[in-house]
Colleague: 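Quick one: the structure is below, questions incoming.
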Amino acid sequence: MKWVNVHDWPRTKAEAYEIQDSRIDKVRLNGNNVEPELICALEGAYGYGGQSVYAAAVVLTYPDFKEVDRSLSFDTPTFPYIPGLFYFREGPALIKALEGLKETPDVIMITAHGIAHPRRCGLACHIGLDFDIPTIGCARRLLFGKHRQVGVNRGSSQPVVHRGEQIGLAYRSKDEVKPIFVSPGHRCDLTYATNVVVSGLRGYRLPEPLRVAHLLANKHKRIMEGKNNKKAKPEEVDSAG
DNA sequence: GCGACAG
DNA sequence: ATCTTGTCGC
């Protein structure tokens, strides 16, 4: 895939906010109601000390989820993790992974928020803008907005709202497990995003595409770093052998 | 001022 | 997110 809407990468928080603010009005929440044929899932896994990111992009058929393409990437983020500016930390790794795909999916699902964000411009929105493609945010924790308690049974949900406006959905994807949070990123609405997420559930908390991407990203990381080859602590080096 | 805070 | 083993529970 091609990164079509390229922009400079910020070095400071102020620059990041500037870029984010300039993109808010470009986010579109319509234009997609057709069932996808190919879906892509994006996920990043952090290396030792959280100083490196291994990303995985996997393209699957929909709705049977057979893998047709995958791409792995590595990046050493320079931007810190700041709630609300997550894109500027993990974005480079995710973009690299997407650039390595030969297949072009109809929609991308990402472990992050879309418009359920303080400025309605979460990571999923940015990725959608970057590649001009529909994106769905599916996060494990709430970043912004409020919702009433979600019923304990699978399928229960509550709208995530802010000042009376619904910006996402808290959805119980599995009995007695914490809900997940769905919000559109770009070129789709919440209904579409929810449908795609829910139709991807296969008995686990996360929809199958993200589950696959998650496993892939972690596998990638372990292969590169070695499961038990983390940097030894100094004292262990001295006393060893 | 205090608490919250995607990964 | 990551560090980290076994272990309690369905």
Side-chain angles (χ1 to χ4, degrees), chain A residues 13 16-17 20 27 41-57 73-97 108-128 135-147 152-154 160-163 167-171 173-186 190 193 197 203-207 210-211 213-222 224-236:
Chain A
K13 205 172 173 179
Y17 280 124
Q20 193 163 68
V27 174
L42 256 188
E43 171 83 323
Y46 288 78
Y48 181 79
Q51 300 309 303
S52 53
V53 177
Y54 299 85
S73 71
F74 172 78
D75 182 61
T76 305
T78 53
F79 204 87
Y81 168 66
I82 299 170
L85 297 178
F86 185 41
Y87 167 72
F88 299 103
R89 175 168 181 74
E90 193 167 306
L94 300 182
I95 290 169
K96 274 189 197 175
I108 301 175
M109 187 182 289
I110 314 173
T111 303
H113 288 289
I115 64 168
H117 176 279
R119 289 168 299 285
R120 306 285 191 280
C121 198
L123 187 152
C125 301
H126 282 286
I127 294 296
T135 52
I136 295 169
C138 181
R140 302 184 183 81
R141 303 180 65 170
L142 190 65
L143 166 69
F144 186 71
K146 294 175 180 172
H147 66 85
V152 296
N153 298 318
R154 176 172 62 84
V160 173
V161 301
H162 176 246
R163 293 184 182 175
I167 56 177
L169 187 72
Y171 187 92
S173 53
K174 181 178 178 180
D175 290 349
E176 296 171 48
V177 164
K178 288 181 294 183
I180 55 178
F181 303 89
V182 181
S183 63
H186 185 50
L190 178 60
V197 167
Y204 295 93
R205 184 184 179 214
L206 296 178
L210 283 186
R211 223 171 64 80
H214 183 77
L215 293 172
L216 251 178
N218 274 93
K219 182 179 176 184
H220 180 208
K221 181 191 77 176
R222 285 172 186 164
M224 296 302 285
E225 300 201 338
K227 184 173 181 178
N228 291 304
N229 290 331
K230 291 181 283 289
K231 296 172 185 173
K233 295 174 182 175
E235 56 272 30
E236 291 174 341

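Because only heavy atoms are used, hydrogens play no part in the values below, and waters and symmetry mates are left out as well, while side chains stay in. In what follows, chains are A, B, ... by sequence order, proteins preceding strands, each numbered from 1.
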Colleague: Under 4.0 angstrom, heavy atoms only, what part of the nucleic acid is A:G84 near: base, sugar-phosphate, or nothing?
Modeller: base
Colleague: Between A:H117 and A:G84 (side chain of the first, backbone of the second, donor and acceptor by atom type, cut-off under 3.5 Å), is there such a pair?
Modeller: yes
Colleague: Just call it for A:K146: base, sugar-phosphate, or nothing, with non-hydrogen atoms closer than 4.0 Å on any strand.
Modeller: nothing
Colleague: Between C:dT2 and A:K221, is there an OP1 or OP2 to side-chain N/O distance shorter than 4.0 Å?
Modeller: yes
Colleague: So what does A:L85 touch, heavy atoms closer than 4.0 Å: a base, only the sugar-phosphate, or nothing?
Modeller: base
Colleague: Check the distance between B:dA6's P and A:L210's CG and give it to me in whole angstrom.
Modeller: 17 Å
Colleague: Answer yes or no: is there a donor N or O on one side and an acceptor on the other, between the side chain of A:S173 and the main chain of A:L206, under 3.5 Å?
Modeller: no
Colleague: Do we count A:F86 as stacking onto B:dG7 if the rule is ring centres under 5.5 Å and planes under 30°?
Modeller: no
Colleague: Determine: side-chain N/O of A:R140 to OP1/OP2 of C:dA1, distance under 4.0 Å, yes or no.
Modeller: yes
Colleague: Take A:H147 and A:L142 through the side chain to side chain contact (heavy atoms under 4.5 Å, CB included) test and state the conclusion after the steps.
Modeller: CA-CA 10 Å; A:H147 66 85; A:L142 190 65; 3.8 Å; yes
Colleague: For A:L94 and C:dA1, give me the distance from atom CG to atom C1', rounded to whole Å.
Modeller: 13 Å
Colleague: Under 4.0 angstrom, heavy atoms only, what part of the nucleic acid is A:G122 near: base, sugar-phosphate, or nothing?
Modeller: base
Colleague: If you compare every side-chain N and O of A:N218 against the phosphate oxygens of C:dT2 (OP1, OP2), does one of them come in below 4.0 Å?
Modeller: yes
Colleague: Under 4.0 Å: is that the gap between some side-chain N or O of A:Y48 and OP1 or OP2 of C:dC3?
Modeller: no
Colleague: Assess the side chains of A:E90 and A:Y46: does a donor N or O sit below 3.5 Å from an acceptor N or O?
Modeller: yes
Colleague: Checking the side chain of A:R140 only, and the main-chain atoms of A:I180 only, is there a donor and an acceptor separated by less than 3.5 Å?
Modeller: no
Colleague: Just how far, in rounded Å, is P of C:dA1 from NE2 of A:H214?
Modeller: 7 Å
Colleague: Give the rounded distance in Å between these two atoms: OH of A:Y87 and P of B:dA6.
Modeller: 19 Å
Colleague: Rounded to whole Å, how long is the line connecting atom OH of A:Y46 with atom C1' of C:dT4?
Modeller: 20 Å
Colleague: To the nearest Å, give me how far apart CG (A:L215) and P (C:dA1) are.
Modeller: 13 Å
Colleague: How long is the line joining CZ of A:R119 and P of B:dA6, in whole Å?
Modeller: 13 Å
Colleague: In whole angstrom, what separates A:D175's CG from C:dG9's C1'?
Modeller: 15 Å
